[in-house]
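Residue numbers start from 1 in every chain, and the chains themselves are labelled A, B, ... in the order their sequence lines are given, proteins ahead of strands. The analysis underlying the following values was restricted to heavy atoms, covering all of them including side chains, and did not include hydrogens, waters or symmetry mates.
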Amino acid sequence: MLSLEKQLNEKIKNIFKTSGFDEKFAFVKPSDRPDLSDFQCNGALALAKSLKQNPREIGQKIADELADDNDIETVSVDGPGFINIKLKNEFVAQNMNEMAVDSRLGCAKTKNPKTVVMDFGGPNVAKALHVGHLRSAVIGESIRRIIDFLGNKVISDVHFGDWGTPMGMILSQIIFEDGDLSKVETYDIEAISAFYKKANVRCKEDEKAAETARLITAELQNGNKEYVKAWKHLRAVSVNAVKENYDELDAHFDLWLGESDAHEMCEKIVQIAKDKNISEVDEGATIIRLPETNKPMPPVILVKSDGGFGYQLTDIATIKMRVDDLKADEIIYVVDKRQSLHFEQVFQVAKMLSIAPDVNLKHVGFGTVNGADGKPFKTRDGGVMNLKDLIEMSKNKVRSSMPKPDEVEGYGKAEIEKLVSEVAMAAIKFQDLKNTAASGYIFDLEDFAKFDGKTGPYIQYAIARINSILRKADESGAIQGKIIIFENDERTLALKLAGFENAVLRAGIDKEPSIIADYAYSLAQIFSSFYNTCPIMSAENEQVKASRLKLAALVRDVLKQALYLLGIKAPEKMLKAN
RNA sequence: GCGCUCUUAGCUCAGCCGGAUAGAGCAACAGCCUUCUAAGCUGUGGGUCGGGCGUUCGAAUCGCCCAGAGCGCGCCA
């Protein structure tokens, strides 16, 4: 099916074509003045500028042609040259009926699907996920689902941080405390994490300890058998721990590769750079100098002076692997925006080495989660907050507003806990996704357990209410029928539904889940209003009841799909303690 | 020092390839449960869009200048 907006754009485009106007101005957008129109076209204003003609005259010419269309109720030219279009109810209703039977809810698949590799998550060995990891996982997963839904092939890779200096730091700390590595395989994630924390402190205070750590890192990377064996254990334990976290967040990764998997390719990249004569040795390190601009552009360090591979080299090598092995057309990195310079450098080197020709490399940078002081969030003791703890706090809040197990029929402990988790995760994720990714936000524990206003649970609640009505309809034998539009609130709701495709498309182009979050909230809001003014089960007649049932079911389907694209689940029922 | 990003209602933020009366949520205030889940709905108040200059018929949006904030700038990742 063709969405309402697309159909309208086709009509306008035809008129522009026959009138000899530039078609790039032939498009509509939902009206800024709903009191005057459903859609507006500002093309006449833009045309007037380039043609040096009167915008109202051009607008009138287009409007006159449009007025003949059977699907259009009224067209008018207002103000300096806005073309205001009001559609016939039958046309809007017809579109809703098509949308209701369309498994894709009016969202066309892309005509040229791409293979997109997504790099997000970015967990590290020996570090439990903390609030800093939340955004990458939540935003990344949402973008993954959006791009996939648009019809592309998406391959997500967690890109485990398993090969840098921290590995040497942990190993050296264990040797420092135990004398050797004989006990490594008995250590669990908590123990490994503790070693890392101590190593971090010691390396900061003692330059000699840091030196040892770097040395061990280099030896590990060069294949020291004892170190590799111990490292394998550290990695396996960490991956398992982190997998649990990502499962709870419902973030999906097709690949669990890490920096270490790029090691061999790193050697090849160094060789390619040498062969192409673009690398040089400076102060013992192998570097690539980048062309100077007015912006500070430090050189890229491929091999450090101690022989270890720098992380920029790892990223460059990983690009080549993704292009060669995965046939990536596009690689998207969902990483803290403070790393933008790093990615700019890496992308530039990839170009210089010609390892990713015609591949679109994109860094989607997101802002930090900040404390009340505007600085990246820290707990009272100065540490970072564990993601698990954060989720637990939100769940506790949600749980306290829920009935106790078995107070509601069919809701035992397991069912209540499932519901608690779904609502808590919705609160946390929506809080994160409702903001544009690039801007940071102030972390407030309260916000992660809020249900009122622009929140995830608000949208879940709207869905639950519709489910409830549909259950009642089912029990009473009422059936859904053709959608017809009479009331103003029905119109508003239908027009909002018609905008779903546009929201998904924009979110996909901009890699911006907040556009869908915004859309879903707005749709839920309009539905809630409709819910209050337009009775469904007690509608004035059977025809209206059948129509509203179908419209409500469509709203439910679109809301569920929108939440899915945000990585949020929609419970069948929302329960509340008395 | 150089560069990037930002400054919109009391608070948190949308809107930004120029367009009509600058929008939400929270907070405040006033209403709405004998009718489909009140985690809801309706209404009210609240703004020199950081400041200035410029381009334009028209600027929150584009350009320049200034002020303030955040972030980043070779061997951590």
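Counting only residues at least two apart or on different chains, the side-chain hydrogen bond (donor to acceptor under 3.5 Å, both in side chains) pairs with a member in residues 291-300 of chain A are K295(A)-E344(A). Residue pairs meeting the ring pair (Phe, Tyr, Trp, His ring centres under 6.0 Å) criterion with at least one partner in residues 286-316 of chain A, sequence neighbours excluded, are H263(A)-F309(A), Y311(A)-H342(A).
rA22(B) and rA9(B): their P atoms are spaced 14 Å apart (whole Å). rA59(B) and rC53(B): their C1' atoms are spaced 13 Å apart (whole Å). The separation of rC49(B) from rA28(B), taken at their P atoms, amounts to 27 Å, rounded to a whole angstrom. Remark: the separation of the C1' atoms in rG45(B) and rG40(B) is 23 Å, to the nearest Å. Taking atom C1' in both rU12(B) and rU8(B), the straight-line distance is 12 Å, to the nearest Å. Across rU55(B) and rA14(B), the matching P atoms stand 31 Å from one another, rounded to whole Å.
In this structure, the nucleotide among rA77(B), rG3(B), rC36(B) sitting nearest to the side chain of N294(A) is rG3(B). Here the nucleotide nearest the side chain of K450(A), chosen from rA38(B), rA77(B), rC26(B), is rC26(B).
A centroid separation of less than 6.0 Å is found between the aromatic rings of Y458(A) and Y521(A). Side-chain rings of Y333(A) and F347(A) approach one another, their centers coming within less than 6.0 Å.
The side chain of R548(A) contributes no N or O atom lying less than 4.0 Å from OP1 or OP2 of rC36(B). Under 4.0 angstrom from either OP1 or OP2 of rU42(B) there lies at least one side-chain N or O belonging to S529(A). The phosphate of rA77(B) (OP1 or OP2) has a side-chain N or O of K304(A) nearer than 4.0 angstrom. Dashed line: the shortest gap from a side-chain N or O of S538(A) to OP1 or OP2 of rU35(B) is not under 4.0 Å. Put simply, Y458(A) has a side-chain N or O that comes within less than 4.0 Å of OP1 or OP2 on rC41(B).
A straight line from CD of Q431(A) to P of rC26(B) spans 12 Å, rounded to a whole angstrom. Residue Y521(A) contributes atom OH, which lies 10 Å from atom C1' of rC26(B) at whole-angstrom precision. Distance CD (E259(A)) to P (rC76(B)): 14 Å, rounded to an integer number of Å. Residue N532(A) contributes atom CG, which lies 4 Å from atom C1' of rC41(B) at whole-angstrom precision. Atom-to-atom, OH of Y519(A) to P of rG23(B) comes out at 21 Å; the value is rounded to the nearest Å. Computed from coordinates, the K434(A) NZ to rC13(B) P distance equals 10 Å when rounded to whole Å. Straight-line distance from the CG atom of N370(A) to the P atom of rU5(B): 19 Å, rounded to whole Å. Between D432(A) atom CG and rC13(B) atom P there is a gap of 13 Å when expressed in whole angstrom units.
Enclosure of atom NZ in K545(A) by more than 12 non-hydrogen atoms of other residues, nucleotides or ligands within 6.0 angstrom is indicated.
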Which nucleotides of nucleotides 59-74 of chain B have their base under 4.0 Å from a protein heavy atom (B), which only their sugar-phosphate (S), and which neither (-), written as one string 5' to 3'?
------------SBSB

Going 5' to 3' through nucleotides 14-20 of chain B, assign each nucleotide B (protein heavy atom under 4.0 Å from a base atom), S (under 4.0 Å only from sugar-phosphate atoms) or - (no protein heavy atom that close).
S---BBB

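With rounding to the nearest 0.5 Å, the separation of NZ in K127(A) from CD1 in I170(A) is 9.0 Å. To the nearest 0.5 angstrom, L566(A) atom CG is 11.0 Å from D432(A) atom CG. Between I278(A) atom CD1 and I287(A) atom CD1 the span is 12.0 Å, to the nearest 0.5 Å. Atom CD1 in I536(A) sits 9.0 Å away from atom OG in S538(A) (nearest 0.5 Å).
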Apply the test side-chain contact (heavy atoms from CB on, under 4.5 Å) to residues V300(A) and I316(A): give CA-CA distance (whole Å), side-chain angles for both, the deciding distance (0.1 Å), then the verdict.
CA-CA 10 Å; V300(A) 170; I316(A) 294 162; 4.2 Å; yes

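Using a 4.0 Å heavy-atom cutoff across all strands shown, I466(A) reaches no nucleic acid atom at all. Using a 4.0 Å heavy-atom criterion, one finds that G284(A) contacts no nucleic acid atom at all. Within the 4.0 angstrom heavy-atom criterion, base atoms lie near C534(A). Residue D35(A) is in base contact, counting any heavy-atom pair closer than 4.0 Å across all strands shown. The residue Y531(A) sits close to a base: some heavy atom pair falls under 4.0 Å. At a threshold of 4.0 angstrom between heavy atoms, the contacts of G164(A) are confined to the sugar-phosphate backbone, with no base atom among them. Looking at heavy-atom distances under 4.0 Å, S528(A) makes contact with sugar-phosphate atoms alone, never a base.
Using a 4.5 Å heavy-atom threshold, the side chains of D261(A) and W163(A) count as separate. At least one side-chain heavy atom of L433(A) sits under 4.5 Å from a side-chain heavy atom of I139(A). Between H159(A) and D315(A) the shortest side-chain heavy-atom distance falls below 4.5 Å.
By the salt bridge (charged side-chain N to carboxylate O under 4.0 Å, His left out) test, D157(A) is found to be paired with R322(A), residues two or more places apart in sequence or in another chain being considered.
Along RNA chain B, the nucleotide nearest to D306(A) and the one nearest to K295(A) differ in position, and the one closer to the 5' end is contacted by K295(A). For the pair P166(A) and M574(A), nearest-nucleotide mapping onto RNA chain B gives the more 5' position to M574(A).
Base orientation of rG74(B): syn, the glycosidic angle falling within 90° of 0. For rC33(B), the O4'-C1' to base torsion is within 90° of 0; the nucleotide is therefore syn.
Where pairing requires Watson-Crick or G-U contacts shorter than 3.5 Å, the helical stems of RNA chain B with at least three consecutive pairs are B:1-7 with B:67-73, B:10-13 with B:23-26, B:28-32 with B:40-44, B:50-54 with B:62-66.
L257(A) approaches R235(A) most closely through the heavy-atom pair C-NH2, 4.0 Å.
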